[in-house]
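Worksheet for the structure shown next.
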2 protein chains.
Amino acid sequence: MNISAASKAAGLSAKTARYYADIGLVPAPARSESGYRSYDGASVRKLIFVRRAREFGFSISECRELLGLYEDRQRSSADVKRIATRRLAEIALKQKELQSLHDELAHLVDACKGDDRPDCPIIDGLGARRAG
Amino acid sequence: MNISAASKAAGLSAKTARYYADIGLVPAPARSESGYRSYDGASVRKLIFVRRAREFGFSISECRELLGLYEDRQRSSADVKRIATRRLAEIALKQKELQSLHDELAHLVDACKGDDRPDCPIIDGLGARRAG
DNA sequence: GCTTGACCTTCCAGTAACTGGAAACACTAT
DNA sequence: ATAGTGTTTCCAGTTACTGGAAGGTCAAGC
């Protein structure tokens, strides 16, 4: 399996698959006689694993950790759960931030007439406050 | 007002204030005889405006646009509202994505016993799916 | 006058996670 | 033989800064 087929099967671009091997996130695949990368089922499964983990917002470094656990027959599910729980908390925090952002901006947008006059609560609201 | 005082008043680091002038987001401040940057009230207000806009998640390029409108006595509030509304839609989308991410990950975390055995629904859930 | 320390300057490099593109080689089909 | 696509490496660019080095400036204290 060449890199196009493999990355396509994993839902990644060839560039990204190459990149993941370059940075040592996944093992470097075998090479054909002419130097083409050659992927097997196991390598594709790892790429899928990484893609999914990235979609969940895990950083490359966390993906490295998770992939280590993915391959470790001796792993404890507690280790995995710890990482995922931390990530879950980050998501929850981001959600809260996004919510207050949304509310505040929606409030400004609501207050703005959106006509051809210059008076604009959005502009005023953006310039209003000092550091804090 | 030297750069420390100005950036502090605006809630930014000196590095960032320098950076904003370097990329032409805000006008380059005047210089003292010895070459120190010298900020006045108007420059500080612009820095505040940019900080607030950045906090709202507007990109540098959008900040450029907004700052243009901020300074434009002929602006129409409709122009501002258009940009803010677009941003609001992006936030709403991000919120939805984050929500489904949260639900999916929370589901996996719930299903994981978190003990010292290797069986782990989180790992399984990450590796499970093909591209899509 | 001199030193100390805080502040300022410029410039270069690095961050995260890729993405785009150039130049050259490989493979497949006609 | 040639065209077209796929692959290789390598370098640069993206976003929005941040860190750090090397050196100039300023105010205070002795």
Side-chain angles (χ1 to χ4, degrees), chain A residues 1-26 28-40 43-44 46-67 87 90-91 94 97 101 131, chain B residues 1-26 28-40 43-44 46-67 87 90-91 94 97 101 131:
Chain A
M1 220 174 177
N2 281 351
I3 197 166
S4 292
S7 55
K8 193 172 174 182
L12 297 169
S13 71
K15 277 266 186 200
T16 300
R18 227 174 263 127
Y19 173 72
Y20 285 166
D22 282 352
I23 63 171
L25 175 56
V26 299
R31 297 293 181 123
S32 75
E33 234 173 279
S34 59
Y36 283 20
R37 286 172 182 79
S38 185
Y39 289 82
D40 60 8
S43 347
V44 171
K46 280 178 201 172
L47 287 178
I48 291 172
F49 183 89
V50 171
R51 172 181 59 81
R52 288 274 295 162
R54 290 288 300 129
E55 283 172 1
F56 271 104
F58 289 102
S59 69
I60 292 288
S61 152
E62 283 168 327
C63 286
R64 233 179 263 273
E65 230 180 320
L66 287 168
L67 205 50
R87 175 78 195 117
E90 286 165 14
I91 293 176
K94 195 82 193 165
E97 287 173 4
L101 213 59
Chain B
M1 220 176 180
N2 281 351
I3 196 165
S4 293
S7 55
K8 193 172 175 184
L12 296 169
S13 72
K15 277 265 187 200
T16 301
R18 229 175 263 126
Y19 172 72
Y20 285 166
D22 281 353
I23 63 171
L25 175 55
V26 298
R31 297 294 182 120
S32 76
E33 235 175 282
S34 59
Y36 284 21
R37 286 173 182 79
S38 185
Y39 289 82
D40 60 8
S43 349
V44 171
K46 280 179 201 172
L47 287 178
I48 291 172
F49 182 88
V50 170
R51 172 182 60 81
R52 289 273 295 160
R54 290 286 303 128
E55 282 172 3
F56 271 104
F58 289 101
S59 69
I60 292 288
S61 152
E62 283 168 328
C63 287
R64 232 178 262 272
E65 231 181 320
L66 287 168
L67 205 49
R87 175 80 195 117
E90 285 166 14
I91 293 176
K94 195 82 195 167
E97 287 173 3
L101 213 60

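Order of the sequence lines fixes the chain letters, A, B, ..., with proteins taken first and strands second; residue numbering starts at 1 for each chain. All heavy atoms count here, side chains included; hydrogens, waters and symmetry mates do not.
Dashed line: the shortest gap from a side-chain N or O of A:Ser34 to OP1 or OP2 of C:dC27 is under 4.0 Å. Within the structure, a side-chain polar atom (N or O) of B:Ser13 is placed less than 4.0 Å from OP1 or OP2 of D:dT18. Between B:Arg18 and D:dG19 there is no side-chain polar atom (N or O) within less than 4.0 angstrom of OP1 or OP2.
In this structure, the helix from C:dG1-D:dC30 to C:dT30-D:dA1 shows an angle of 20° between the axis at its start and the axis at its end, each fitted on 5 base pairs and rounded to 10°.
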Exercise. Evaluate the criterion side-chain contact (heavy atoms from CB on, under 4.5 Å) for residue pair B:Thr16 and B:Arg51; output intermediate values, then yes/no.
Key: CA-CA 10 Å; B:Thr16 301; B:Arg51 172 182 60 81; over 6 Å; no
Quiz prompt | Trace of the side-chain contact (heavy atoms from CB on, under 4.5 Å) decision for A:Ser43 with A:Asp40 | solution = CA-CA 5 Å; A:Ser43 347; A:Asp40 60 8; 2.3 Å; yes
Quiz item: Can you give one letter per nucleotide of nucleotides 12-17 of chain C, going 5' to 3': B for a protein heavy atom under 4.0 Å from the base, S for sugar-phosphate only, - for none?
Solution: -----B
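With sequence neighbours excluded, the residues forming a side-chain contact (heavy atoms from CB on, under 4.5 Å) with B:Tyr19 are B:Ile23, listed by chain and number. Listed by chain and residue number, B:Arg87 satisfy the salt bridge (charged side-chain N to carboxylate O under 4.0 Å, His left out) test with B:Glu90 (two or more places apart in sequence, or in another chain). For B:Asn2, there are no side-chain hydrogen bond (donor to acceptor under 3.5 Å, both in side chains) partners at least two apart in sequence or on another chain. Judged as a side-chain contact (heavy atoms from CB on, under 4.5 Å), and not counting sequence neighbours, the contacts of B:Ser61 are B:Ser59.
If you measure from atom CE of A:Met1 to atom P of D:dG6, you get 15 Å, rounded to the nearest angstrom. Atom CD of B:Glu55 is separated from atom P of D:dA16 by 15 Å (rounded to the nearest Å). Look at NZ on B:Lys8: it is 13 Å from C1' on C:dA6, rounded to the nearest Å. At whole-Å resolution of the value, CD1 in B:Ile3 and P in D:dT25 are 17 Å apart. Distance, B:Asn2 CG to D:dT25 P: 14 Å, rounded to whole Å. Distance B:Arg37 CZ to D:dG24 P: 17 Å, rounded to the nearest Å. Straight-line distance from the CG atom of A:Leu12 to the C1' atom of C:dT19: 14 Å, rounded to whole Å.
Out of D:dT8, D:dT25, C:dT19, the shortest distance to the side chain of B:Tyr36 is found at D:dT25.
Heavy-atom nearest nucleotides on DNA chain C were determined for A:Thr16 and for A:Glu33, and the one closer to the 5' end corresponds to A:Thr16.
No side-chain heavy atom of A:Lys94 sits less than 4.5 Å from a side-chain heavy atom of B:Lys94. A heavy-atom distance below 4.5 Å is not found between the side chains of B:Arg54 and B:Phe56. Between B:Ile60 and B:Tyr20 the shortest side-chain heavy-atom distance falls below 4.5 Å.
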